[in-house]
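Residue numbering restarts at 1 for every chain, and letters A, B, ... go by the order of the sequence lines.
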2 protein chains.
Amino acid sequence: MDQRAFWTCTARPMTTPNISNDSGSPSNVPEVVIQRLPLYVRALSQFSDSGNNVISSEQLGRRLQMTPAQIRKDLSYFGRFGKQGRGYNVASLEQRLRSILGLDRAWNTTVIGMGRLGRAVVSYPGFAPEGFNIVAAFDADDDIVGQTISGLDVQSISALSEIVKEKDIKIGIVTVPVEHAQEVIDALVDAGIKSILNYAPLSPKVPDGVTVRGIDPVLSLQSMTYYINE
Amino acid sequence: MDQRAFWTCTARPMTTPNISNDSGSPSNVPEVVIQRLPLYVRALSQFSDSGNNVISSEQLGRRLQMTPAQIRKDLSYFGRFGKQGRGYNVASLEQRLRSILGLDRAWNTTVIGMGRLGRAVVSYPGFAPEGFNIVAAFDADDDIVGQTISGLDVQSISALSEIVKEKDIKIGIVTVPVEHAQEVIDALVDAGIKSILNYAPLSPKVPDGVTVRGIDPVLSLQSMTYYINE
DNA sequence: TGACCTTTGTGATACAAAGCACACATGGAC
DNA sequence: GTCCATGTGTGCTTTGTATCACAAAGGTCA
């Protein structure tokens, strides 16, 4: 395999579990900041639902349990969105942030691995409302290929590359058993995918420019137990 | 050289999405370090499966995509486990780390919210082998209370506190809809739970000394889209 | 035994991110 | 128009963490 760096995570010395961003991306914005933007979007969306037009960094900070200064600093990486003495326009800040993150459009995604976990993922109703459409499903098992699950025809992994191009899929969601995860991720990368959401319990190697985020509840539990005693 | 790790979330003074550890814990060990330990445990376990007795920080670092120095530094917070010129004994280091994390015992957990997501969680086969036993299930809906799901009798949330004590439950897993998540988390805290795994898309408020880890695939996707273009 | 090689453990250093504090816009009151 | 209250945007300071670099420790073999 090639030995370009695989580094992960962040542009930063953050080295946080389950996040791997190789963003060789020139983006001078720290990765941690990018990760907080969706939180702001979510909070703003809730705020506007409750009928508010304007919000201060203080209010937003109280809701998200962070300091107002950090929020202002984060936003300042992208421009000046607030009015002094007044605060931020809720709707317009939300819109600006969505645009920065690329959330003002829909994204086609695919799930690879149609076992128990993959089925749960494709039937999870939380993705579509946020613009993440699962448009293809794959599996390696011939007994599963050909089935229709949640309206998706399960296809053979050998067709991955072709379908990715055909359907303009930009994000891969990996739900295969851990022993096949690296090869599936390699296949996604070969197919040109740059963003991978990985449910398998491993730290995959990916080339620069590919971002991987891991979802690993066991890891989360295992680090919490440390704090239970003391 | 640059390096990185990946996986879930982060630490305290860092305010990273999905992690909130207030642990007023006196532990002088940085939270990020605690979060990396389970990665080491996992890698060591794989190593010993492949028949190796000894591993160097360099080998471990290669596998986990991080610098050897960071691994040695992390370990040094807890003691001296290696032999110079040789490396670490795989089995014994794994055992020591498990002990530090509290993984050398089993933990009783409960899932609150028996909707689609909760059912997926209780039937997920990845928890038990790691010592996390789900011993109770709760829901607020009277139609669901009384059902048996994956061998668990679903109980009313009103019985939460009682059952937590009766079954010595130490960890709560929250899979209720977001609009009820904060109240359920409050109830867990009232019941004496100190560790919460939260699947609901919000940043819950918890008192000092309670650790919350969030599992939020949508947030992960939303921060990845930023890097797709550029 | 001692020369040599490897790999640890750790003080010192570099750097990134968080928080502080204040200058300065802005809007409202009068 | 002037004054005041409010809350942004940001340079500077502090904090936290990753990395460097090297002394000391163990192993090996002549």
Side-chain angles (χ1 to χ4, degrees), chain A residues 5 7-17 19 21 23 27-37 40 52-62 64-90 92-93 96, chain B residues 1-6 9-17 19-21 23 27-37 40 52-62 64-90 92-93 96:
Chain A
W7 321 133
T8 331
C9 226
T10 318
R12 97 86 236 342
M14 179 169 73
T15 316
T16 298
I19 296 276
N21 163 25
S23 128
S27 172
N28 38 353
V29 182
E31 162 91 16
V32 251
V33 173
I34 300 300
Q35 287 184 57
R36 282 191 293 259
L37 297 189
Y40 302 157
N52 297 289
N53 292 327
V54 172
I55 189 173
S56 69
S57 57
E58 160 115 28
Q59 292 172 289
L60 194 50
R62 207 172 319 121
L64 292 172
Q65 312 276 268
M66 47 200 293
T67 64
Q70 179 160 63
I71 292 171
R72 295 199 300 273
K73 192 60 149 291
D74 284 355
L75 296 179
S76 77
Y77 281 104
F78 304 97
R80 313 170 59 135
F81 308 111
K83 275 212 176 76
Q84 275 130 328
R86 201 107 190 83
Y88 302 89
N89 178 297
V90 177
S92 113
L93 180 57
R96 293 302 301 292
Chain B
M1 158 139 111
D2 175 30
Q3 70 74 162
R4 251 69 277 203
F6 15 55
C9 292
T10 305
R12 214 25 233 304
M14 198 157 57
T15 315
T16 296
I19 294 278
S20 106
N21 163 24
S23 125
S27 170
N28 39 352
V29 182
E31 162 93 16
V32 252
V33 173
I34 299 301
Q35 287 183 58
R36 282 190 294 259
L37 297 189
Y40 301 157
N52 296 288
N53 292 327
V54 172
I55 190 174
S56 68
S57 57
E58 160 112 29
Q59 291 172 290
L60 193 50
R62 207 171 320 121
L64 292 171
Q65 312 284 261
M66 47 200 291
T67 64
Q70 179 160 65
I71 293 171
R72 295 199 301 273
K73 186 71 151 210
D74 284 356
L75 296 179
S76 78
Y77 281 104
F78 303 97
R80 313 172 59 136
F81 307 110
K83 277 210 175 76
Q84 277 117 328
R86 200 114 186 81
Y88 302 88
N89 177 297
V90 177
S92 112
L93 180 58
R96 299 290 260 99

Exercise. What's the spacing between A:L93 CG and A:L75 CG if we round to 0.5 Å?
Worked result: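 The distance works out to 5.5 Å.
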For this session: Find the distance between CG (B:L64) and CD (B:Q59) and round it off to the nearest 0.5 Å.
Result: 12.0 Å
Problem set entry | Residues from residues 78-88 of chain B lying under 4.0 Å of DNA chain D - heavy atoms | B:K83, B:Q84, B:R86
Between [X] ([atom1]) and [N] ([atom2]), how many Å, whole number?
X     : N      : atom1 : atom2 : value
B:N53 : C:dT7  : CG    : P     : 16 Å
B:I71 : D:dC20 : CD1   : C1'   : 16 Å
B:E31 : D:dT17 : CD    : P     : 9 Å
A:L75 : C:dG19 : CG    : C1'   : 16 Å
B:R72 : D:dC20 : CZ    : C1'   : 10 Å
A:E58 : C:dC20 : CD    : P     : 12 Å
A:Q59 : D:dT6  : CD    : P     : 13 Å
B:M66 : D:dT19 : CE    : C1'   : 12 Å

Exercise. Of all heavy-atom pairs between B:V90 and B:N52, which one has the smallest distance, and what is that distance?
Worked result: CG2-O, 3.7 Å
Seminar exercise, completed: With sequence neighbours left out, the residues meeting side chain to side chain contact (heavy atoms under 4.5 Å, CB included) with B:N53 are none
For this session: Please check the phosphate of D:dT8 (OP1 and OP2 only) for any side-chain N or O of A:S57 closer than 4.0 Å.
Result: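 For D:dT8, OP1/OP2 do have a side-chain N/O of A:S57 under 4.0 Å.
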Closest to the [X] side chain, choosing from [options]:
X     : options                : answer
A:T67 : D:dA18, C:dG19, D:dT17 : C:dG19
B:Q70 : D:dA18, D:dG7, C:dT8   : D:dA18
B:S76 : D:dT8, D:dA18, C:dG9   : C:dG9

For this session: Please evaluate the base of D:dT10 for a donor-acceptor partner in the side chain of A:K73 within a cut-off of under 3.5 Å?
Result: no
Listing, residues 76-86 of chain B side-chain donor-acceptor contacts under 3.5 Å, not counting sequence neighbours, or none:
unit_1: B:S76; atom_1: OG; unit_2: B:K73; atom_2: O; d: 2.7

Seminar exercise, completed: Sorted by chain and residue number, the side chain to side chain donor-acceptor pair (under 3.5 Å) partners of A:R72 (sequence neighbours excluded) come out as A:S57
For this session: Only counting residues at least two apart or in another chain, list the ones meeting side chain to side chain donor-acceptor pair (under 3.5 Å) with B:D74.
Result: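 Scan of B:D74 (side chain to side chain donor-acceptor pair (under 3.5 Å), adjacent residues dropped) gives B:R36, B:Y40.
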